[in-house]
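The structure appears below as structure tokens.
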Amino acid sequence: MKVAFLFGIIYNSCMEALSIRLQFCKKESYNIMSETTSGKRFSKAEKSWILYDVANSAFIMIVTATIPIYFRGLAEGAGMSSTAATSLWGSATSISILILALISPILGAVADYENMKKRIFTVFFVIAIAGGVLFTFAPGWLSFLIFFIIARIGYAACNVFYDAMLIDVTTNERMDRVSTCGYAFGYIGSCIPFVAGLLLILNCDAAGLSTVTATRISFVITMVWWVIMTVPLYKNVHQRYSLPRQQHVISHTFRRLADTFRKLAKNKRMLFFIIGYFCYIDGVYTIISMATTYGGEVGIDSNSMVLALLLTQFVAFPCSILSGTLAQKYGSMRMIKLFIIMYMGICVFGYGLDTELEFWILAVAVGICQGGIQALSRSYFGKIIPKEESSEYFGFFDVFGKFADFFGPLIMAACAFFLHDSKYGVLSLIILFIAGFVLISLSEKHI
């Protein structure tokens with residue numbers, strides 16, 4: 001009864017928060033330009049786009065919190081050391097990101113043709129869900145890693161097209177607000193299936209389940225949530241900007257990619273920004289993906305890590321919305337720079353982390369910065385690219401972001417393997433934040 005009551009409070013509070021911002025208007029047309037400039041309310045397309053962030057954030061929540069702990073249990077149960085498990089998990093994350101980074105520009109370029117964006121999105125959405133179901137019931141650590149890589153590739157590929165849909169649902173003037181609200185409600189909405197699964201795991205004995213079975217059911221809950229919350233995007237988001245169909249799509253796609261490379265080389269503003277983004281987002285993604293693994297290595301209790309990361313989600317919710325408001329007043333670039341400086345401090349603090357209290361403090365600090373820096377980077381890039389080629393440009397954007405997500409965990413894995421201590425990997429991330437700050441500052445000079 002206490003468990004059901006607690007979940008009911010959490011569920012109702014989350015849904016109440018969602019309804020405040022995501023109230024569906026009774027009479028709305030599909031004309032995005034008139035809807036988004038007529039007032040502060042979100043259009044149906046904007047709300048449906050935001051809800052997909054609520055959908056897929058549930059998956060990345062378990063990737064950050066429970067999946068690494070579950071994998072560590074599988075690996076150590078098979079006789080693997082804690083350090084080797086950290087190294088292997090970082091390597092698996094890097095492999096999935098590397099594969100996607102290599103194909104993202106091609107997928108993005110093809111998606112820019114008429115009515116192709118949602119079709120390719122659907123293919124990878126099915127791959128993601130199928131991979132999630134398969135790793136849920138994987139019998140050992142090796143099969144678990146293989147299916148996890150498949151699911152992670154599907155998840156990340158969907159995000160290429162989802163990010164590119166931002167330009168289809170709103171205007172440049174509203175882009176910061178819509179993007180930050182996507183991250184904000186993604187954080188708070190993802191807590192609903194996560195808390196449901198967590199309560200099941202913590203009370204598995206009372207439910208007559210083993211911890212492993214309860215954890216697997218929590219994964220299934222997340223997959224079902226992901227599917228249900230994606231439905232509005234399919235119904236209400238449509239590709240408004242596109243290129244005309246070509247008879248020879250593949251050859252034309254590769255010619256466009258070559259042209260885009262040349263355009264990026266000439267456009268110093270975009271070139272410096274995207275390279276700078278590569279540097280600073282490397283540190284951001286690494287902190288997100290390796291948090292629980294690193295916490296386990298320094299001796300933080302698993303339950304404390306999960307609860308601290310849950311706190312990160314709740315802190316990130318209002319802070320993400322606030323970052324969108326501040327960006328409208330002070331500009332996106334100023335806010336991105338502020339978050340980079342704050343992340344430098346997080347790296348120094350993380351290097352000296354060795355107590356549970358410090359891990360909680362780190363979780364709050366990350367929550368303040370995490371959503372804002374990602375959302376504003378996405379919206380800033382969306383403002384400076386050609387709308388008709390948004391998927392292609394976001395494909396390149398994703399390459400830089402995902403290669404960053406490749407190198408960051410690899411740095412952590414290398415430090416764990418060669419230096420037998422991941423703290424040096426955390427400290428080394430400060431170099432990437434400094435480089436990112438310098439490069440986006442150079443980007444501003446070419447406006």
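Scanning for ring-ring contact (aromatic ring centres under 6.0 Å, His included) contacts around Phe219 gives Tyr70, Phe135, with sequence neighbours left out. Looking at residues two or more places apart in sequence or on another chain, you find a side chain to side chain contact (heavy atoms under 4.5 Å, CB included) between Lys383 and Asn172, Met175, Asp176, Ser332.
Of all heavy-atom pairs spanning Ile201 and Ser218, the tightest one is CD1-OG, 4.0 Å. Contact between Gly131 and Ala151 at its shortest, heavy atoms only, is C-CB, 3.7 Å. The shortest heavy-atom contact between Ile340 and Phe433 is CG2-O, 3.3 Å. Shown here for Ala55 and Trp226, the closest heavy-atom pair between the two residues is CB-O, 3.6 Å. Heavy-atom minimum distance, Asp53 versus Arg378: OD2-NH2, 3.6 Å. Considering all non-hydrogen atoms of both residues, Cys279 and Gly436 come closest at CB-N, 3.6 Å.
For the pair Phe339 and Ser323, the minimum side-chain heavy-atom distance is below 4.5 Å. At least one side-chain heavy atom of Leu145 sits less than 4.5 Å from a side-chain heavy atom of Trp89. In this structure the side chain of Val63 reaches within 4.5 angstrom of the side chain of Phe148, judged on heavy atoms. Side chains of Ile440 and Tyr280 form a contact here, defined as non-hydrogen atoms less than 4.5 Å apart.
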*Tell me, with the steps shown, if Phe314 and Ile188 meet side chain to side chain contact (heavy atoms under 4.5 Å, CB included).*
CA-CA 6 Å; Phe314 282 98; Ile188 200 71; 3.2 Å; yes
*Steps toward side chain to side chain contact (heavy atoms under 4.5 Å, CB included) verdict (Leu362, Ile346)*: CA-CA 7 Å; Leu362 187 68; Ile346 288 172; 3.4 Å; yes
*Pair Leu200-Ile217, side chain to side chain contact (heavy atoms under 4.5 Å, CB included): steps then yes or no*: CA-CA 8 Å; Leu200 182 63; Ile217 294 174; 3.4 Å; yes
*For Gln370 and Tyr343, what are the C-alpha separation, side-chain angles and deciding distance, and is it a side chain to side chain contact (heavy atoms under 4.5 Å, CB included)?*
CA-CA 9 Å; Gln370 183 173 285; Tyr343 264 110; 3.7 Å; yes
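A donor-acceptor pair under 3.5 Å links the side-chain atoms of Thr312 to the main chain of Ala363, judged by distance alone. Of the possible polar contacts, none joining the Tyr277 side chain to the Ser377 backbone as a donor-acceptor pair under 3.5 Å is found. The main-chain N or O of Leu376 is found under 3.5 Å from a side-chain atom of Ser379 such that the two form a donor-acceptor pair. Judged by distance alone, the side chain of Arg216 and the main-chain N or O of Ala138 form a donor-acceptor pair under 3.5 Å. In this structure a side-chain-to-backbone donor-acceptor pair under 3.5 Å is missing from Thr170 to Leu166. Tyr162 places no side-chain N or O within 3.5 Å of a backbone atom of Ala156 that could act as its donor or acceptor partner.
In this structure, CG on Leu51 lies 9.5 Å from OG1 on Thr230, to the nearest 0.5 angstrom. Expressed to the nearest 0.5 Å, how far CG of Leu311 lies from CH2 of Trp360 amounts to 6.0 Å. With rounding to the nearest 0.5 angstrom, the CG atom of Asn56 is 5.0 Å from the CG atom of Asn159. Atoms OG and CE, from Ser48 and Met165 in turn, are 11.5 Å apart once rounded to the nearest 0.5 Å. The distance from atom CG of Asn203 to atom CG of Leu198, rounded to the nearest 0.5 Å, is 9.0 Å. The distance from the CD1 atom of Ile321 to the OG1 atom of Thr325 is 7.5 Å, given to the nearest 0.5 Å.
Residues Phe273 and Tyr380 bring their aromatic ring centres within 6.0 Å. Outside the 6.0 Å centre-distance limit, the rings of Trp49 and Phe42 are not counted as a close aromatic pair.
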Report all side-chain donor-acceptor pairs from residues 117-129 shorter than 3.5 Å, counting only partners two or more places apart or in another chain.
unit_1 : atom_1 : unit_2 : atom_2 : d
Lys117 : NZ     : Ala164 : O      : 3.4
Lys117 : NZ     : Asp168 : OD2    : 2.6
Lys117 : NZ     : Ser390 : OG     : 3.3
Lys118 : NZ     : Tyr234 : O      : 3.0
Lys118 : NZ     : Val237 : O      : 2.4
Arg119 : NE     : Asn115 : O      : 3.3
Thr122 : OG1    : Lys118 : O      : 2.8
Thr122 : OG1    : Tyr234 : OH     : 2.9

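Checked options Leu432, Ile430, Ile431, Leu429; the residue passing with Met344 is Ile430 (criterion: side chain to side chain contact (heavy atoms under 4.5 Å, CB included)). Paired with Phe59 under the rule ring-ring contact (aromatic ring centres under 6.0 Å, His included), one option of Tyr155, Trp225, Tyr52 passes, and it is Tyr155.
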